[in-house]
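Throughout, numbering of the chain's residues begins at 1 and tracks the sequence.
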Amino acid sequence: MNRHRTALSVLLSAGALVAGVLTAATPSIAADAPTSFRPQQTQGFWTAERMRAATPLDVTAVPGAARTAVATSAAPTAIAPTAAASAASPTAFPQAGGAWTAGGAVVKTSGRVFFTMGSRTASCSGNSITSANGSTVMTAGHCVKYQGAWHTNWVFVPAYNNGSAPYGQWSATKTFATDQWAASEDMNMDVGLAVVAPLNGQTLSQAVGAQGVLFNGGYNKRMYSFGFPAAAPYDGTKLVYCSGNSGKDFLLTKDHSLGCNMTGGSSGGPWFQDFNEATGLGTQVSVNSFGYTFLPNRMYGPYLGNEAKAAYDKAQTS
């Protein structure tokens, strides 16, 4: 990753999409852009070899002057988890980045996201969340749409394991982003969702469980983040986590901040508060979004406010 960039340059994933493959200019998108998309799917597209070869995107952007304020004063809205029975051993806190070996529900609810962006195959991370349709995945906005184009061949692979999909590949029937991300790729609103088709007669939450979600939950929490970083020193084969006391971005966004060295491919992975290491269950409050090139080993994730709740409501009732 090239770190010789101006102090105003923001890497939409030093802990997310980083990899050194694509360099994109600041987006210019119509303000009335649609906020959902029905992605094309090619049956059998995602072979084990193609998943292993999928590359994390290198996306750079200079934040615009106009940004949407995040509503932090609204009453919290919590959605309880859909538990999957399991047990795990506690692990380290804080943790700047390491393989998650404790097991628990998070191993099944989190997974890799694969999609095509133009002629390129790429990867992110995502998480199964409790929803009315039982089929909703939360990820980053740039993992469903970037530079005005929605990604195609979008699949979620829970518990991904080095090319294998132990719980199958879940194809998106529709993807969503916050209104603000769809319109102008506002970095404060880098939240995406996908509704996936049933597989073998089951919904996603029936097959792997689903984590709870909290909107308008506040800042400065004890936090755990998870993802499948694929850029060095990681290789995308393992679920990786960071943990610590979170803060708030004091530079260009209203995002959460957490010490974390995850790299490309971890974008869209879940951030949890109230995370129980023994069960692997928590309350999702953000996703891996971006990092500043001049502040290494720190991850940022959007605040889930009213805007993210509106996108979630559209997805869960789709």
S.K.: Any donor-acceptor pair under 3.5 Å linking the side-chain atoms of Asn306 with those of Asn216?
M.R.: yes
S.K.: Could you walk me through whether Tyr167 and Asn200 pass the side-chain contact (heavy atoms from CB on, under 4.5 Å) check?
M.R.: CA-CA 10 Å; Tyr167 297 97; Asn200 300 322; over 6 Å; no
S.K.: Kindly indicate, with the supporting measurements, whether the criterion side-chain contact (heavy atoms from CB on, under 4.5 Å) is fulfilled by Val191 and Leu304.
M.R.: CA-CA 8 Å; Val191 180; Leu304 299 187; 3.8 Å; yes
S.K.: Once rounded to the nearest 0.5 Å, what's the spacing between atom CD of Gln95 and atom OG of Ser243?
M.R.: 6.0 Å
S.K.: Where the side chain of Ser125 meets the backbone of Gly265, is there a donor-acceptor pair that is under 3.5 Å apart?
M.R.: yes
S.K.: Quick one: does Gln316's side chain have a donor or acceptor within less than 3.5 Å of a partner on Ser135's backbone?
M.R.: no
S.K.: Are the aromatic rings of Phe156 and Phe114 close, with centres under 6.0 Å apart?
M.R.: no
S.K.: Any sub-3.5 Å donor-acceptor pair from Thr263's side-chain atoms to Ala231's backbone N or O?
M.R.: yes
S.K.: Side chains of Thr109 and Asn127: any donor to acceptor distance under 3.5 Å?
M.R.: yes
S.K.: Using modelled atom types only, decide if a donor and an acceptor are shared between the side chain of Gln206 and the backbone of Thr203 within a distance under 3.5 Å.
M.R.: yes
S.K.: What heavy-atom pair brings Thr139 and Ser267 nearest, and what distance separates the two atoms?
M.R.: OG1-O, 4.2 Å
S.K.: May I ask you to check whether Tyr300 and His256 place their ring centres under 6.0 Å from each other?
M.R.: no
S.K.: Any side-chain donor paired with an acceptor under 3.5 Å for Asn133 and Ser131?
M.R.: yes
S.K.: Tell me whether Asp186 is salt-bridged to Lys254, with the criterion being a basic N under 4.0 Å from an acidic carboxylate O.
M.R.: no
S.K.: Taking all heavy atoms of Thr175 and all of Ala194, pick out the closest pair and write down the distance.
M.R.: CG2-CB, 3.9 Å
S.K.: Run the numbers on Phe215 and Asp313 for side-chain contact (heavy atoms from CB on, under 4.5 Å), then give the verdict.
M.R.: CA-CA 12 Å; Phe215 299 93; Asp313 286 338; over 6 Å; no
S.K.: Please round to the nearest 0.5 Å and tell me the distance separating atom CE of Met138 and atom CG of Leu193.
M.R.: 4.5 Å
S.K.: Less than 3.5 Å apart, any donor N or O on the side chain of Tyr234 or Asn261 sitting next to an acceptor on the other?
M.R.: yes
S.K.: Judged by atom type as modelled, is there a donor-acceptor pair below 3.5 Å linking the side chain of Tyr303 to the main-chain atoms of Gly218?
M.R.: yes
S.K.: How are the rings of Tyr160 and Phe228 set relative to one another: parallel (under 30°), tilted (30 to 60°) or perpendicular (over 60°)?
M.R.: perpendicular
S.K.: Is Glu307 reaching over with its side chain to a backbone N or O of Gln180, donor-acceptor style, under 3.5 angstrom?
M.R.: no
S.K.: To check you understand the geometry: which heavy-atom pair defines the closest contact between Ala230 and Arg112, and what is its length?
M.R.: CB-NH2, 3.9 Å
S.K.: Measure the CH2-CZ distance between Trp150 and Phe176 for me, rounded to the nearest 0.5 Å.
M.R.: 8.5 Å
S.K.: Just do the salt bridge (Lys or Arg N to Asp or Glu O under 4.0 Å) check on Arg298 and Asp249 with the steps written out, would you?
M.R.: CA-CA 10 Å; Arg298 184 150 289 271; Asp249 184 12; over 6 Å; no
S.K.: Drop me the distance from Met262's CE to Met299's CE, to the nearest 0.5 angstrom.
M.R.: 4.5 Å
S.K.: How far does CG of Asn220 sit from OG of Ser257, to the nearest 0.5 angstrom?
M.R.: 10.0 Å
S.K.: Checking the side chain of Trp181 only, and the main-chain atoms of Lys145 only, is there a donor and an acceptor separated by less than 3.5 Å?
M.R.: yes
S.K.: Asn161 versus Thr237: any side-chain heavy-atom pair under 4.5 Å?
M.R.: no
S.K.: Is the distance from the ring center of His151 to that of Tyr146 below 6.0 Å?
M.R.: no
S.K.: Before giving the answer on side-chain contact (heavy atoms from CB on, under 4.5 Å), spell out for Asp179 and Lys314 the whole-Å C-alpha distance, their side-chain angles and the decisive distance to 0.1 Å.
M.R.: CA-CA 11 Å; Asp179 293 350; Lys314 289 177 187 176; 3.1 Å; yes
S.K.: For Phe275 and Trp100, I'd like to know if the aromatic rings sit close, meaning centre-to-centre distance below 6.0 Å.
M.R.: yes
S.K.: Taking all non-hydrogen atoms of both residues into account, name the closest pair between Gly168 and Pro158 and its distance.
M.R.: O-CD, 3.6 Å
S.K.: Please answer whether the main-chain N or O of Gly141 pairs with a side-chain N or O of Asp190 as donor and acceptor at a distance below 3.5 Å.
M.R.: yes
S.K.: Is the Tyr224 ring parallel, tilted or perpendicular to the Phe226 ring (thresholds 30°, 60°)?
M.R.: parallel
S.K.: Between Ala197 and Trp170, what is the shortest heavy-atom contact and its length?
M.R.: O-CE3, 3.3 Å
S.K.: Just checking, any donor-acceptor pair under 3.5 angstrom between side chains of Thr152 and Thr116?
M.R.: yes
S.K.: Under 3.5 Å, side chain of Asn276 to main-chain N/O of Thr279, donor-acceptor pair present?
M.R.: yes
S.K.: Give a yes or no answer on whether the side chain of Gln284 reaches the backbone of Ser286 with a donor-acceptor pair at less than 3.5 Å.
M.R.: yes
S.K.: When Phe272 is tested against each of Val106, Leu281, Val213, Leu214 for side chain to side chain contact (heavy atoms under 4.5 Å, CB included), which residue passes?
M.R.: Val106
S.K.: Under a 4.5 Å cut-off applied to non-hydrogen side-chain atoms, are Trp154 and Val137 in contact?
M.R.: yes
S.K.: Quick one: pull up CD in Gln273 and NZ in Lys221 and give me the separation to the nearest 0.5 Å.
M.R.: 5.0 Å
S.K.: Of all the heavy-atom pairs spanning Ser128 and Gly209, show the shortest one and how long it is.
M.R.: OG-O, 2.9 Å
